[in-house]
Amino acid sequence: MIRVLFNKKGGVGKSSLTVNLAAISAHNGLKTLLIDLDTQCNSTAYLDAMQLKGANSIADLFEQTITFHLHRRPAKDFCQATKIENLDIIAGSERLAELESELDSRHKIYKLKEALQSLSDEYDRIYIDTAPALNFYSMSALIAAQRCLIPIDCDDFARQGLYSLQQKIAEIREDHNAELEVEGIIANQFMSNANLPKQIVSELIAENYPVLPEYVSQSVKMRESHQAKLPLIKMAPNHKLTKSLVGIFDILEKG
């Protein structure tokens, strides 16, 4: 199962959710791969894997598709172990920005999908973190994935952005990837004591958006987890926030 977390709006917690869901997957005994497609490399930093950005980053995997190689390195060569058992990463890279225009002009939009198909026997679950933009890399991820998770931060801008995002995903499904499904909308940084988040979530549900029934509350514990470079399932397994994330993972696994 390949899942991409995507939203064109920034600051909705894509990297935090990607890392924590992947870590929970690994904690449950599933061989899991995380791919960091954001030039900010937040997922890579969160997993304390910045030292892995050398010659085995996601930029290197893409770069070798631009020019002819008699012996092109297989995708599995770019997958490196993190400090968490069962969790590997293809580290992010700032060099993605330099490569984007050439990759796009050479029509390499399906190369990520080909790479992930070659890893189907290596991993039980693959999670892809994306930048807050509908660019070459997020398009590549949506073409490669089977499921899309959309985090929102429960404000009116997020709701408005969902309308255009839903249309774009429908276009990608029709033109490039018939398997792609919006698996769920994750209400992130949810403030249960405020009226607006509850109102927005209720309206989205009324409009038949697939809002997951487990909401992720706003908590300083997430920032502490970033600072410790340790996902919550390892740092604070009994915390309320961790239990919400585990709840989301269980919902996804039950289908």
Side-chain angles (χ1 to χ4, degrees), residues 1-30 32 34 42-43 46-47 84 86-87 124-130 132 145-159 161-162 165-166 169 180-226 230-255:
M1 177 62 70
I2 302 170
R3 291 187 171 100
V4 56
L5 279 87
F6 178 64
N7 193 326
K8 291 185 291 182
K9 188 176 185 293
V12 297
K14 287 188 302 296
S15 297
S16 297
L17 290 168
T18 306
V19 168
N20 279 284
L21 289 173
I24 292 166
S25 174
H27 182 76
N28 278 268
L30 297 169
T32 304
L34 187 149
N42 289 334
S43 287
Y46 192 174
L47 286 171
I84 296 175
N86 291 323
L87 181 56
D124 301 307
R125 301 289 183 273
I126 297 176
Y127 287 83
I128 309 174
D129 185 21
T130 56
Q146 297 154 314
R147 302 288 184 271
C148 177
L149 293 167
I150 303 174
I152 64 167
D153 55 1
C154 300
D155 66 16
D156 198 55
F157 294 130
R159 178 175 59 182
L162 275 177
L165 187 57
Q166 184 184 42
I169 289 173
L180 181 63
E181 294 180 15
V182 175
E183 191 171 23
I185 293 168
I186 300 175
N188 194 28
Q189 303 169 37
F190 186 80
M191 295 179 286
S192 58
N193 58 343
N195 289 327
L196 182 61
K198 289 186 281 189
Q199 176 188 332
I200 288 173
V201 167
S202 296
E203 289 173 356
L204 289 175
I205 292 171
E207 293 174 32
N208 294 318
Y209 279 94
V211 180
L212 297 182
E214 187 74 51
Y215 308 154
V216 182
S217 61
Q218 193 173 54
S219 172
V220 72
K221 187 60 71 174
M222 183 65 82
R223 295 181 183 180
E224 292 173 358
S225 173
H226 295 163
L230 200 61
L232 287 160
I233 193 68
K234 296 297 182 182
M235 190 185 85
N238 295 316
H239 193 272
K240 178 184 176 182
L241 183 58
T242 311
K243 291 179 179 179
S244 293
L245 293 162
V246 170
I248 287 174
F249 176 80
D250 288 344
I251 291 167
L252 299 177
E253 289 299 307
K254 289 174 183 175

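Every value quoted in this text rests on a predicted model; they were computed, and no experiment measured them.
Between the side chains of Ser15 and Asp129, at least one donor N or O lies within less than 3.5 Å of an accepting N or O.
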Begin from the C-alpha positions of Leu149 and Leu17 and carry the test side-chain contact (heavy atoms from CB on, under 4.5 Å) through to its verdict. CA-CA 10 Å; Leu149 293 167; Leu17 290 168; over 6 Å; no

Determine, step by step, whether Glu253 and Arg147 satisfy the salt bridge (Lys or Arg N to Asp or Glu O under 4.0 Å) criterion, reporting the C-alpha distance in whole Å, the side-chain angles of both residues, the deciding distance to 0.1 Å, and the verdict. CA-CA 12 Å; Glu253 289 299 307; Arg147 302 288 184 271; over 6 Å; no

Please determine whether side-chain contact (heavy atoms from CB on, under 4.5 Å) holds for the pair Phe6 and Leu165, giving the CA-CA distance in whole Å, both sets of side-chain angles, and the decisive distance to 0.1 Å. CA-CA 9 Å; Phe6 178 64; Leu165 187 57; 3.2 Å; yes

Would you check, one step at a time, whether the test side-chain contact (heavy atoms from CB on, under 4.5 Å) holds for Lys234 with Ile84? CA-CA 9 Å; Lys234 296 297 182 182; Ile84 296 175; 4.0 Å; yes

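The shortest side-chain heavy-atom distance between Lys240 and Lys221 does not fall under the 4.5 Å cut-off. Between Tyr46 and Asn20 the shortest side-chain heavy-atom distance falls below 4.5 Å. In this structure, the side chains of Pro132 and Lys14 come closer than 4.5 Å at one or more pairs of heavy atoms.
Considering every non-hydrogen atom in both Tyr127 and Thr32, the closest pair reads CD1-CG2, 3.9 Å. Across all their heavy atoms, Pro237 and Thr242 have their closest contact at O-CG2, 3.7 Å. The minimum heavy-atom distance between Val201 and Ala187, with the atom names listed, is CG2-CB, 4.1 Å. Across all their heavy atoms, Ser244 and Glu214 have their closest contact at O-CG, 3.2 Å. Listed here is the closest heavy atom pair of Leu47 and Pro231: CD2-CG, 3.9 Å. Scanning both residues, Leu21 and Leu245, for their nearest heavy atoms gives CD2-O, 3.8 Å.
Proximity of a side-chain donor or acceptor of Ser217 to a complementary backbone N or O of Leu241 within less than 3.5 Å is not detected. Under the 3.5 Å distance criterion, the side-chain polar atoms of Gln146 are matched with a main-chain donor or acceptor of Ile2. Within the 3.5 Å criterion, the main-chain N or O of Ser192 finds a donor-acceptor partner in the side chain of Lys198.
The structure places CG of Asp250 at 13.0 Å from NZ of Lys243, a figure rounded to the nearest 0.5 Å. The CZ atom of Arg3 lies 8.0 Å from the OG atom of Ser25; values are rounded to the nearest 0.5 Å. Distance CD/Glu183 to CE/Met1: 6.0 Å, rounded to 0.5 Å. Here CD of Gln199 is found 8.0 Å from OG of Ser202. Values are rounded to the nearest 0.5 Å. The distance from atom CG of Leu5 to atom OG1 of Thr130, rounded to the nearest 0.5 Å, is 7.0 Å. Here the CZ-CZ distance, from Arg125 to Phe249, works out to 6.5 Å after rounding to the nearest 0.5 Å.
Of the candidates Ile248, Ile152, Leu252, Ile248 is the only one forming a side chain to side chain contact (heavy atoms under 4.5 Å, CB included) with Ile186. The only option from Val211, Asn7, Asn188, Val12 that meets the side chain to side chain contact (heavy atoms under 4.5 Å, CB included) definition with Ile150 turns out to be Asn7. For the side-chain hydrogen bond (donor to acceptor under 3.5 Å, both in side chains) with Ser16, the qualifying choice from His226, Arg223, Gln189 is His226, the only one to do so.
Using a 30° and 60° split on the angle between ring planes, Phe190 and Tyr215 fall in the tilted class, from 30° to 60°.
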